[in-house]
Every structure is written in C-alpha cells, then in structure tokens.
Amino acid sequence: MAITESIERGRAACTEHAWDDAYQFLSDADGACSLDAADLERLGVAAYLTGRDEAAGADLERAYQAYLEQGGIERSVRCAFWLGITLLLRGQHARGGGWLGRAQRLVDERLPGSVEQGYLMIPAGLQALDSDPKSAYETFDKLVAIANEFDDADLTALSRLGLGQALVAMGEAGRGVAMLDEAMLCVTTGEVSPIAAGIVYCAVILACRDTFDLGRAQEWTAALSEWCSKQQGLRPYRGQCLVHRSEIMQLHGQWEDAIAEIQRACEHLAAQPGNLVMGMAQYQQAEILRLRGKYADAELAYREAAAYGHNLHPGLALLRLAQGHIQDAYAAIRRVASDAAERPVERANILAAYVQIALAAGDTNGARLAAGDLQEIADRFDSQYLQAMAGSVRGMVLVSEGDYMAACTTLRAAWLAWQEVEAPYEGARLRIIMARAYHALGDHDSAEMELDAAAHVFGQLGAAPDLREIAEVSRRSTARTAGGLSTREVEVLRLVATGATNREIANTLVISEKTVSRHISNILTKLGLSSRTAAAAFAYDNDLT
C-alpha cells in the first residue's frame with residue numbers, strides 16, 4: 001500500500017472511530033516516512049484509545065514538538081495538556097505535572113487570554129474538589145464562561161463536568177446533577193473528542209453513584225456502553241463501564257448477566273497490566289460469589305482486589321460473618337467504620353454491614369448508633385435507594401430490641417422502597433427479618449408467607465446461603481418454647497430467673513436497659529404473667545434455666 005494511501009485510510013479510520021485500524025494505518029505510514037504534526041496527533045490519540053499507553057505518550061510528544069516547530073502553538077499546548085492529563089490518569093504524577101507545567105509556560109509566554117489558558121485551569125480545579133469544593137466551583141464557573149466565549153466543545157463538556165462535581169461536593173446534589181446532565185448532553189451531540197468524552201462519561205457515572213442516583217447511573221451507563229460499542233478497539237473505558245453495568249444488573253436481580261458482564265470486564269482488563277479498575281472488577285466478582293455461597297472463590301477474588309489496592313470491606317467482613325467467624329468480621333468492620341473520611345457511598349455500605357455484623361456480635365448499642373449514622377447520610381440525599389437501606393437496618397435494630405410492632409412498620413416501608421428501586425434480593429432479605437418479627441408476635445402464618453416469598457426470590461437468584469437461613473428460621477419457629485417466646489426473650493427470661501437486675505441483664509447481653517424492660521414486658525404479656533417472680537417460675541417449670 002502506498003504511503004499516501006495508508007495515511008488517508010488512517011485519517012478516515014479516525015473519523016469513523018475505527019481506532020485499531022487508524023493506529024495500524026498511521027503507524028505503518030510512520031515507519032516509512034515522517035508524519036506531519038496533525039497525523040502524529042491522530043496516531044497518539046489512536047494509540048491511547050486502543051490501550052497502547054507508552055506509544056501514545058511517545059506519539060503525542062512528537063506531535064507536540066512538530067507543532068512547536070511549525071508555529072502551531074495552540075495545538076502544541078493541546079498535545080501537552082492531553083499528555084499531562086493521560087499521564088495523571090495512569091498515576092504518573094511527576095511526568096504528568098511536568099507536561100502541564102510546560103504547557104502553562106507556553107501559554108503564559110505566547111497565548112495569554114486564550115482558550116488554552118482555560119484548559120490549563122482544569123487541573124487546579126480538580127485538585128481543589130476534595131479539599132476546597134467552593135474554590136473548585138469558582139474555578140470551573142470561570143471555565144464555563146471561557147468555554148462559552150470560545151465555543152470550544154471539549155472545554156464546554158469538561159467545565160460543566162467540573163462544575164457539577166464541585167456542586168455535589170458542596171452538598172448541592174440537585175444542582176450538581178443537573179450540571180452533570182448538561183455535560184453529558186455536550187458529549188452525546190458527538191462534538192466532543194473521544195478522550196474528553198470518555199472522561200466525562202466515567203466521571204458522571206461515578207458522581208451518580210456517589211449521590212445514590214442509581215436511576216441516572218443506569219441511564220448513563222447504558223449510554224456509555226453504546227458509545228463504547230461504536231469505538232473500534234477502545235480500551236480505556238470499557239473495563240469500568242462493564243463493572244458498573246454488572247453492579248446495576250446485580251441490584252436488579254439479573255445475577256447471571258451480572259456474572260457474565262464482570263467476567264468480560266476481567267478478561268478485558270487482563271490485557272492492561274496495572275489498571276486499578278481490575279481491583280474494582282475483582283471486588284464486584286467477589287460480591288456475587290459471596291452472595292451465591294461460593295466462599296472459597298469469593299475469598300480468592302477479594303485477595304485479587306486487594307492486590308490492586310481496592311478496599312476489601314465491607315465485602316470481606318460480610319464473608320467472614322457468613323462463614324461464622326463473627327468476631328473476625330466484627331473486628332474488621334469496627335476498624336473500617338472508624339474512618340469517617342470515606343465517601344458517602346462507601347460509608348453507607350460500611351454502616352449497613354456494621355449493623356448486621358454488630359447485631360450478630362451482640363452489640364445492639366453499636367448497631368443502633370451505626371443505623372443512626374446511616375440515616376443521617378440518607379437525610380442528606382434525595383435517594384429512594386438510600387432510604388431503603390437506612391430503613392432496613394433501623395428495622396433490624398428494632399427487632400433486636402424487641403420492639404416488634406415498630407419493626408414491622410419500618411421494615412414494610414423499607415421493603416416498599418426496595419420494590420421501587422427494583423432490588424429483589426434486598427427486598428427478600430427484609431422478608432426474613434419481617435418473618436422473625438411476625439413469629440415473635442405470634443403471627444406465624446404471616447411469617448411463613450414472608451419466608452415463602454423470600455425463598456422464591458432466592459431460588460431464582462441462586463442465593464444458597466439465604467435459602468439455608470430461611471430453613472433455619474422455619475426450623476426455629478417450630479421449636480419455640482411454650483408461649484411463643486423469641487430467642488432473645490428466652491435469653492432475657494433465663495437471666496431474670498437467676499435474679500439479675502435489668503442493668504445486669506443489659507450488661508450481659510450488651511443491650512440497653514430500655515430494651516431489657518421491653519423484652520420483659522413482651523415476656524409477661526405473651527405468658528399471661530404479672531410479675532418477674534412468676535416469669536422466673538415459668539422458666540424453671542419449662543427447663544429454661
């Protein structure tokens with residue numbers, strides 16, 4: 001093939017977003033002649049989008065130099081900017097900062113007041129997002145004005161992305177999400193360059209997850225998947241896209257599809273050694289394996305996630321709980337929960353797990369406090385998902401405290417919220433908790449109906465551990481003591497029979513005195529007794545001491 005034809009075909013492939021073809025044609029031509037600056041830039045972009053990171057850096061550096069020699073200062077600065085940004089995204093902060101510094105010097109000397117000056121304000125805005133979101137907002141607000149002035153598509157999308165992220169960080173989720181939608185609309189018009197488009201897609205989806213806006217996250221994840229499918233040979237964004245799709249499929253009860261999707265993500269990411277998204281993918285794979293009861297495989301996946309630097313909890317702590325290692329799970333989740341610096345989405349998941357594990361460990365007070373912390377997070381966001389999560393753990397604590405009537409009301413509301421979110425597994429989990437409360441109230445028919453409905457869901461999902469739990473709850477219900485006392489009530493009754501005071505019982509069972517009083521009231525009511533002395537006599541007569 002003639003060199004000129006190879007270059008033309010490479011340019012056409014770029015226009016058609018056929019990045020593998022573009023890289024092959026342009027690299028073939030590059031081996032036979034000296035490409036001009038624009039074609040070197042195209043080659044660098046194609047290399048980056050097909051996962052050839054080192055080649056992309058070298059090609060963009062050559063494009064930078066070629067533009068500089070030709071007097072194309074604006075394009076030279078753009079090459080330096082994207083070199084810096086892509087290096088930062090790969091964790092190479094020194095090299096990335098160096099290229100951004102070089103671009104800044106060129107702008108200061110040759111292009112003051114230009115649109116390129118706006119691009120070079122982006123890193124400062126990003127850096128301020130975590131530490132000073134108000135400052136970040138001011139920076140990106142200026143960038144929006146610059147983007148409008150120069151009618152620059154990439155800067156328009158990136159500035160609105162930053163503005164939305166800053167608003168979310170400031171606690172103004174509603175305004176922030178609206179601005180993120182604007183950023184996405186810029187991308188969907190097709191005028192934004194592929195590297196900028198991929199950055200916006202991924203950042204918006206992450207922001208939706210951080211604000212618990214799962215509906216939007218699902219919508220934009222689907223859009224990202226469609227966009228990726230139109231980019232031949234695309235590598236940088238497919239992995240994270242598939243992980244998010246798997247998470248959403250899991251939530252909606254499509255576990256087989258979720259497993260297939262995460263396996264595809266792992267296969268895709270295996271070709272990119274060192275990509276930290278692999279840690280996210282392995283963690284997601286471990287979560288599904290854990291829920292299916294494949295504990296050995298789940299542990300291996302958690303270890304793989306750790307090797308990539310991904311946080312292991314709350315997943316690993318929940319695995320230990322499922323394996324019966326309650327104290328190990330409790331020690332791990334207590335340590336993780338003590339770090340209040342976690343982002344709300346991670347902290348919410350940790351607190352929900354903390355409640356479950358603390359109750360298993362007998363720490364009702366700790367569980368109550370964690371449930372309260374989770375409710376505070378829920379109150380900050382307009383999210384049905386988060387309200388469902390907070391209501392679930394609050395209901396669990398109420399059941400543990402013996403306040404069964406209040407628990408049933410709270411759990412029913414949380415179950416309805418899970419239905420709205422279309423989360424069948426989480427809703428079925430609540431049915432087990434409601435069944436425990438119904439059994440404690442003596443409403444065994446309702447309890448068994450809840451368990452039957454939950455078993456149907458778990459059977460469809462392949463949630464073996466939950467099916468075993470249902471069998472255990474049913475077994476216990478048929479072996480209840482005279483009077484229909486719950487397991488906790490039996491524990492309290494045994495201590496009453498020893499002559500222990502409410503405070504002593506509370507200390508022994510690690511619950512509050514108020515909870516002890518409620519349990520004793522329930523015991524007396526169920527047994528038709530009028531005093532602690534009569535309750536103690538009942539315990540002796542029924543071999544409960």
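Both backbone and side-chain heavy atoms feed into the values below; hydrogens, waters and symmetry mates do not.
- The CG atom of Leu49 sits 11.5 Å away from the CD atom of Gln232 when rounded to the nearest 0.5 Å.
- Rounding to the nearest 0.5 Å places CD of Glu219 at 13.0 Å from CG of Leu224.
- Leu214 places none of its side-chain heavy atoms less than 4.5 Å from the side chain of Ile248.
- Taking the charged nitrogens against the carboxylate oxygens, Arg429 and Glu426 have no contact shorter than 4.0 Å, which rules out a salt bridge.
- Considering only residues two or more places apart in sequence or on other chains, Glu182 meets the salt bridge (Lys or Arg N to Asp or Glu O under 4.0 Å) condition with Arg160.
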ask   = Does the pair Arg335 and His313 meet the rule for a side-chain contact (heavy atoms from CB on, under 4.5 Å), with working shown?
value = CA-CA 10 Å; Arg335 176 186 60 79; His313 298 293; 3.5 Å; yes
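- For the atom pair Ile326 CD1 and Leu321 CG, the distance stands at 6.0 Å (nearest 0.5 Å).
- A donor-acceptor pair shorter than 3.5 Å cannot be found between the side chains of Tyr385 and Glu420.
- Considering every non-hydrogen atom in both Ala348 and Ile377, the closest pair reads N-CD1, 4.3 Å.
- The salt bridge (Lys or Arg N to Asp or Glu O under 4.0 Å) test applied to Asp181 returns Arg216, not counting sequence neighbours.
- With hydrogens and angles left out, the side-chain atoms of Tyr425 and Asp466 include a donor and acceptor closer than 3.5 Å.
- Electrostatic pairing of Glu299 and Arg303 counts as a salt bridge here, judged by a charged N lying under 4.0 Å from a carboxylate O.
- Side-chain N or O atoms of Ser521 include none that pairs as donor or acceptor with a backbone N or O of Ser517 at under 3.5 Å.
- Between Glu448 and His439 the shortest side-chain heavy-atom distance falls below 4.5 Å.
- Looking at Thr410, its side chain never comes within 3.5 Å of a backbone N or O of Ala407 through a donor-acceptor pair.
- Under the 3.5 Å distance criterion, with hydrogens and angles disregarded, no donor-acceptor pair is assigned to the side chains of Asn311 and Glu346.
- Counting heavy atoms from C-beta on, the side chains of Phe458 and Ile432 come closer than 4.5 Å.
- Applying the 6.0 Å contact sphere to CE of Met449 captures no more than 12 heavy atoms from other residues, nucleotides or ligands.
- In this structure the side chain of Leu185 never reaches within 4.5 angstrom of the side chain of Thr189, judged on heavy atoms.
- Of the candidates Glu261, His252, Gln284, Gln284 is the only one forming a side-chain contact (heavy atoms from CB on, under 4.5 Å) with Glu247.
- Side-chain contact between Tyr201 and Leu161 is absent, with no heavy-atom pair separated by less than 4.5 Å.
- The two residues Ala388 and Ser392 have their closest heavy-atom pair at O-OG, 2.7 Å.
- A salt bridge between Arg488 and Glu491 is present, with a side-chain N of the basic residue lying under 4.0 Å from a carboxylate O of the acidic one.
- Screening Gln282, Met249, Gln285, Glu267 for a side-chain contact (heavy atoms from CB on, under 4.5 Å) involving Ile262 leaves a single residue, Gln285.
- The residues Glu469 and Arg436 are annotated as salt-bridged, a charged nitrogen and a carboxylate oxygen being separated by less than 4.0 angstrom.
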Item to check | Worked verdict on Trp19 versus Val45 for side-chain contact (heavy atoms from CB on, under 4.5 Å) | outcome: CA-CA 8 Å; Trp19 303 113; Val45 170; 4.3 Å; yes
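- Distance check: Leu126 CG to Leu158 CG gives 8.5 Å after rounding to the nearest 0.5 Å.
- Enclosure of atom NE2 in His456 is not indicated, since only 12 or fewer non-hydrogen atoms of other residues, nucleotides or ligands lie within 6.0 angstrom.
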Exercise. Can Ser246 and Ile288 be said to form a side-chain contact (heavy atoms from CB on, under 4.5 Å), step by step?
Worked result: CA-CA 10 Å; Ser246 177; Ile288 300 175; 3.9 Å; yes
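- Side-chain contact between Val492 and Leu495 is absent, with no heavy-atom pair separated by less than 4.5 Å.
- Listed here is the closest heavy atom pair of Met278 and Ala270: CE-N, 3.6 Å.
- The line from OG1 of Thr221 to CZ of Arg245 is 8.0 Å long, rounded to the nearest 0.5 Å.
- Of all heavy-atom pairs spanning Ile520 and Val496, the tightest one is CD1-CG2, 4.1 Å.
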Salt bridge (charged side-chain N to carboxylate O under 4.0 Å, His left out) evaluation trace for Lys230 with Glu226: CA-CA 7 Å; Lys230 296 176 181 178; Glu226 182 179 357; 3.4 Å; yes
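- Gln375 and Asp379 share a side-chain donor-acceptor pair at under 3.5 Å.
- No side-chain N or O of His244 forms a donor-acceptor pair with one of Gln218 less than 3.5 Å apart.
- Annotation: side chain of Tyr354 is in contact with side chain of Arg334 (closest heavy-atom distance under 4.5 Å).
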Please assess Thr50 against Leu234 for the test side-chain contact (heavy atoms from CB on, under 4.5 Å), listing each intermediate value before the final yes or no.
CA-CA 5 Å; Thr50 54; Leu234 189 70; over 6 Å; no
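- A 4.5 Å side-chain heavy-atom check between His310 and Tyr302 finds every atom pair outside the cut-off.
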